[in-house]
Novice: 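Right, I'll just put the structure down here and ask away after.
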Amino acid sequence: MPIEINGSLTIPDAELEWKFTTSRGPGGQHANKASTRVQLAWDIAQSDAIGDGYRARLMDKLGPVVRADVDDHRSQQRNRDAAAERLADKVRGALVRQAPRRATKPTKGSKKRRVEAKRRKSQTKAMRKKPTSWD
């Protein structure tokens with residue numbers, strides 16, 4: 001089943017690598033015998049589904065291979081669905097462009113709060129000193 005990331009990007013099933021292993025932790029015979037843990041990997045560097053612009057951005061944020069490991073559910077199918085969704089979320093998050101931060105001047109209120117905090121801190125430290133004389 002191919003994973004749809006957005007309108008212009010879909011990861012074909014042939015590029016996805018699925019591995020199934022037994023879940024860790026307690027659970028009795030079912031956990032010891034059933035391979036319900038899902039490991040999903042997608043090799044971004046070798047993918048034919050994406051263009052160079054997407055590839056550069058994804059490799060910068062996620063590395064050459066993106067992985068999703070899931071063992072939340074007892075069912076392998078539910079873990080498969082969860083792994084596909086987690087991988088898609090990671091890729092979607094990496095494709096979002098952050099708006100550049102614009103530096104702004106501090107507001108009058110923030111300057112006033114900063115000076116007031118410094119004054120209070122100074123008073124606190126002054127109270128810790130030993131008295132200079134017994135007047």
Side-chain angles (χ1 to χ4, degrees):
M1 74 180 185
I3 299 174
E4 185 173 336
I5 305 301
N6 58 27
S8 62
L9 177 59
T10 301
I11 304 171
D13 197 31
E15 293 185 4
L16 298 172
E17 183 181 337
W18 298 89
K19 288 184 183 176
F20 306 100
T21 58
T22 56
S23 289
R24 62 189 191 277
Q29 185 175 5
H30 176 75
N32 296 335
K33 291 184 76 172
S35 296
T36 58
R37 181 171 188 247
V38 175
Q39 296 174 306
L40 176 60
W42 178 46
D43 190 354
I44 298 168
Q46 301 297 321
S47 177
D48 294 328
I50 56 176
D52 291 334
Y54 275 174
R55 185 185 326 275
R57 196 170 334 148
L58 289 173
M59 286 184 62
D60 183 45
K61 292 192 177 184
L62 299 174
V65 177
V66 61
R67 299 182 198 297
D69 294 347
V70 179
D71 64 351
D72 298 344
H73 309 285
R74 287 177 54 99
S75 161
Q76 186 187 86
Q77 184 58 46
R78 288 180 68 189
N79 283 335
R80 285 176 67 111
D81 296 341
E85 191 56 38
R86 283 187 195 175
L87 186 110
D89 288 343
K90 283 183 181 182
V91 173
R92 278 187 210 108
L95 290 176
V96 172
R97 289 185 186 230
Q98 294 286 330
R101 183 186 179 280
R102 293 191 194 121
T104 58
K105 293 182 179 179
T107 63
K108 197 174 207 176
S110 68
K111 287 180 185 178
K112 187 177 177 182
R113 286 189 298 273
R114 181 182 62 85
V115 171
E116 181 63 27
K118 286 177 72 168
R119 188 186 59 73
R120 272 186 267 121
K121 189 70 143 174
S122 173
Q123 285 178 345
T124 301
K125 289 186 175 190
M127 295 298 290
R128 293 181 191 152
K129 293 180 182 176
K130 291 183 180 181
T132 54
S133 67
W134 294 95
D135 295 313

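This chain uses plain numbering: 1 for the first residue, then up along the sequence.
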Novice: Side chain to side chain contact (heavy atoms under 4.5 Å, CB included) for Thr22 and Arg37? Distances and angles first, verdict last.
Specialist: CA-CA 6 Å; Thr22 56; Arg37 181 171 188 247; over 6 Å; no
Novice: Determine the minimum heavy-atom distance between Ala82 and Val70, stating which atoms define it.
Specialist: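 Scanning both residues completely, I find the closest heavy atoms to be CB-CG1, 3.8 Å.
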Novice: If you compare all heavy atoms of Thr21 against all heavy atoms of Gln39, which two are closest, and at what distance to 0.1 Å?
Specialist: CG2-OE1, 4.2 Å
Novice: If you group Ile, Leu, Val, Met, Phe, Trp and Tyr by side-chain heavy-atom gaps below 4.5 Å, do Tyr54 and Val65 land in one group?
Specialist: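 Different clusters: Tyr54 never reaches Val65 through Ile, Leu, Val, Met, Phe, Trp or Tyr contacts under 4.5 Å.
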Novice: Looking only at non-hydrogen atoms, find the nearest pair between Ala83 and Ala68 and report the distance.
Specialist: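 Closest heavy-atom pair between Ala83 and Ala68: O-CB, 3.6 Å.
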Novice: Which atom names give the shortest non-hydrogen contact between Lys90 and Val66, and what distance separates them?
Specialist: CD-CG2, 3.9 Å
Novice: Is there a side-chain contact between Glu17 and Trp42 (heavy atoms, below 4.5 Å)?
Specialist: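 Not in contact.
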Novice: Which pair of heavy atoms, one from Asp71 and one from Ser23, lies closest together, and at what distance?
Specialist: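 What the structure gives for the nearest pair is CB-OG, 3.6 Å.
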Novice: Show me the donor-acceptor pairs, under 3.5 Å and distance only, between side chains in residues 92-102 and residues at least two apart or in other chains.
Specialist:
{"from": "Arg92", "atom 1": "NE", "to": "Ile5", "atom 2": "O", "distance (Å)": "2.9"}
{"from": "Arg92", "atom 1": "NH1", "to": "Asp89", "atom 2": "OD1", "distance (Å)": "2.8"}
{"from": "Arg92", "atom 1": "NH2", "to": "Glu4", "atom 2": "O", "distance (Å)": "3.2"}

Novice: Main chain of Ile50, side chain of Arg55: is a donor-acceptor contact present, judged purely on distance under 3.5 Å?
Specialist: yes
Novice: For Pro64, what residues pass the side-chain contact (heavy atoms from CB on, under 4.5 Å) criterion, not counting sequence neighbours?
Specialist: Ala45, Met59
Novice: For Thr10 and Ile3, run side chain to side chain contact (heavy atoms under 4.5 Å, CB included): C-alpha distance rounded to whole Å, both residues' side-chain angles, the deciding distance at 0.1 Å, then the answer.
Specialist: CA-CA 6 Å; Thr10 301; Ile3 299 174; over 6 Å; no
Novice: Measure the spacing between CG of Asp81 and NE2 of His73 and express it to the nearest 0.5 Å.
Specialist: 8.5 Å
Novice: Rounded to the nearest 0.5 Å, what separates atom OG1 in Thr124 from atom CZ in Arg128?
Specialist: 6.5 Å
Novice: On a heavy-atom basis, which atom in Thr36 and which in Asn79 lie closest, and how many Å separate them?
Specialist: O-ND2, 2.7 Å
Novice: Can you tell me which residue pairs pass the side chain to side chain donor-acceptor pair (under 3.5 Å) test with a partner in residues 107-120, sequence neighbours excluded?
Specialist: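 As it turns out, the side chain to side chain donor-acceptor pair (under 3.5 Å) pairs with a partner in residues 107-120, which skip direct neighbours, are Thr107-Ser110, Glu116-Arg119, Arg119-Gln123.
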Novice: Atom OG of Ser47 and atom CG of Leu9: how far apart are they, to the nearest 0.5 Å?
Specialist: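 It is 7.5 Å, given to the nearest 0.5 Å.
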Novice: Verify side chain to side chain contact (heavy atoms under 4.5 Å, CB included) between Glu15 and Asp48, making sure each step is shown before the conclusion.
Specialist: CA-CA 8 Å; Glu15 293 185 4; Asp48 294 328; 3.8 Å; yes
Novice: Under 3.5 Å, side chain of Arg86 to main-chain N/O of Asp69, donor-acceptor pair present?
Specialist: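 Here the side-chain-to-backbone pair exists.
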